[in-house]
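Each residue takes its place number in the sequence, starting with 1. The structure presented is a predicted model; accordingly, all values stated were derived computationally and were not measured.
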Amino acid sequence: MISYNISKRQAAHFLLKHQRLGPYRLPEGRESVYRYIRHVNCIQYDPLNITGHNHELVLQARIPGFTSEMAQELLYQDRRLLDGWDKNMSIYCTEDWPSFRRLRDSAAARYGSNESVMALVQEIRAEIAERGPLSSLDMGGKDKVDWAWAPARLSRAALESMYFWGELSIHHRVHTRRYYDFSANLLPKELLEAPEPNPSEESYQDWYVLRRIGAIGLLWNRAGDGWLGISNLKTADRAGAIQRLLLADSIREVRVEGIKPPLFVRTSDAAELEAILKCEPGKSPFDSGHFAAAIAPLDNLIWDRELIRQLFGFQYRWEVYKPAGERQYGYYVLPLLYGDRFAARFEPVLDRASGNLILRNWWWEPDEGPLSSGLMAAAKSAVTTLARSLGAARIAVPPSVAAQSGIGEWDGDLES
C-alpha cells in the first residue's frame, strides 16, 4: 500500500492546488465552472445572498471574470449542472444523476407516505402539464403542513417531495424561488432510465466516501462537516469503505507531521501531491507571487473546519445562526486567503440600492496587517474581484473601518 509522509505546509499547498486557488486558478470562462465542479464533484448551494450566493463566492475565487450568469447558463440552459442534494443543497454535474437513484427512491418511500402531500400530487402533475414550469406560489392554496424545520405551505411541500424523488427538477430560479418542471422534459432519457451504478450498499458507500475525499482533497475518518449529507453512513461504515478503497488503491494514506489521524487522498490526485513533494524549498508558486481570494463560508476548502485549524492555524465559524450578541465577528464574514495562509476576515455587504459593496468590518489575523504592501495590494485585488463578480458599482469603506483596520484611504471605484 502506497502512503505519503508530508509536512503541514505541503498538505496546505496540496489542498490549495487541488482547490484551484492562488497560482492554480482556472482559465476564464464558464467551461472552467464545469471543470471545477467535475473535479470536486459538488459545491454547496445556500439561499442566503448577502454578498452573492455561496456557490458564486466559491467560483469567483477560482475563475477570473466569473459572473453569476455563467453558473445560471450551465444550470438552466445547457443543463450540464443540476441543483440537487449532495452535501446538503448542492450543485453537481448532471451526469451524476444515476448515482443518486437510491436517495430518490428513499425520498419516494418517505414522502409518498404523507397523505396530505400525495393528495396534491396529481393536481400538480396536471397543472405543470397544462401550464409549464411552476413555483409553489403559482399553485394557490393556503393549507400548511409540518415540513423540515417549520410549517410550510402544502403546495411547497408537495413540489419539494416530487423534486426529492426525482419526478420534478428545477427549471429555473428567480432569486431563490424555484420553478419546477418534469425531469423528463429537462434531462436526457438515457440518464433518467440509467440503473443505479452502485447496486450494493458497500459499493455505494465506497463511491460516496471517495466522492467526499475528492471534494476537499485530503480528508480523515473523523466526524466533521466534510461528511455531512451522507445518510446512513456511520463512523464504522466510513472505516470499512476506507479500508476497501485502500485495498483497491482508489485512495492512499497521507501522514501529516503533527496530525495524529491519517488523511486520505484519491489515487487519481496522487500525481499532484507528488509534484508538491518534489518542489524544492523556495521554489513553490506561493513563494514568488502575491495571491489573495475571498473565500466562501461554505467553500469546499473549509468544509472540515478542524482540519483547516490544524493545517493553517486558522479557526473559522460561520456565525449567521448565532444571536448577534454571541457573535465573535459578524453575521456573514468571509475569510481572506493570502498565498498559503489566511491573513484576515472581513464582512462585506452588497447594498443593492446603491450598487456599492460595503466593507462593514475587517479583522487581521495575528501577525498580519496592512504594513505589508504585497498583502495590502493582494487583499484589495481580492475584494475588487469579488465586487466585479457581483456587478457592484464601487467598493465603499466607512471611515471607522478604514481607521480601525489600518486600510486607510481606498479608491473603491471599479474600472469598467
According to the side-chain hydrogen bond (donor to acceptor under 3.5 Å, both in side chains) rule, which pairs have a member within [range], sequence neighbours left out?
| range | answer |
| --- | --- |
| residues 220-231 | W220-D304, N221-R238 |
| residues 319-330 | none |
| residues 270-281 | Y4-E274, R20-E272, E280-K283 |

Once side chain to side chain contact (heavy atoms under 4.5 Å, CB included) is applied, do any residues pair with [X], and if so which ones, sequence neighbours excluded?
| X | answer |
| --- | --- |
| P262 | E253, R255, F264 |
| D105 | R101 |
| L75 | L81, D83, I91 |

Can you confirm whether [X] sits close enough to [Y] that some side-chain heavy atom of one is under 4.5 Å from a side-chain heavy atom of the other?
| X | Y | result |
| --- | --- | --- |
| L245 | Q205 | no |
| R305 | F314 | no |
| I251 | V265 | no |

- Ring centres of Y338 and F342 under 6.0 Å apart? no
- Query: Looking at the rings of Y180 and H171, which for Trp means the six-membered one, are their centres under 6.0 Å apart?
  - Reply: no
Listed partners of [X] passing salt bridge (Lys or Arg N to Asp or Glu O under 4.0 Å), at least two apart:
| X | answer |
| --- | --- |
| D340 | R9 |
| E347 | none |
| E257 | none |
| R131 | E127 |

- Hey, could you give me each pair passing ring-ring contact (aromatic ring centres under 6.0 Å, His included) that has a residue in residues 59-92? Not counting sequence neighbours. Y92-F100
- Run the salt-bridge test on R252 and D269 with the 4.0 Å N-O cut-off and return the result as yes or no. no
- What class does the angle between the rings of Y204 and Y208 fall in, given that below 30° is parallel, 30 to 60° is tilted and above 60° is perpendicular? perpendicular
- Message: Can you tell me how the ring of Y332 sits relative to the ring of W318, calling it parallel under 30°, perpendicular over 60° and tilted otherwise?
- Response: perpendicular
- Message: I'd like to check the side-chain hydrogen bond (donor to acceptor under 3.5 Å, both in side chains) partners of R35; sequence neighbours left out, ordered by chain and number.
- Response: none
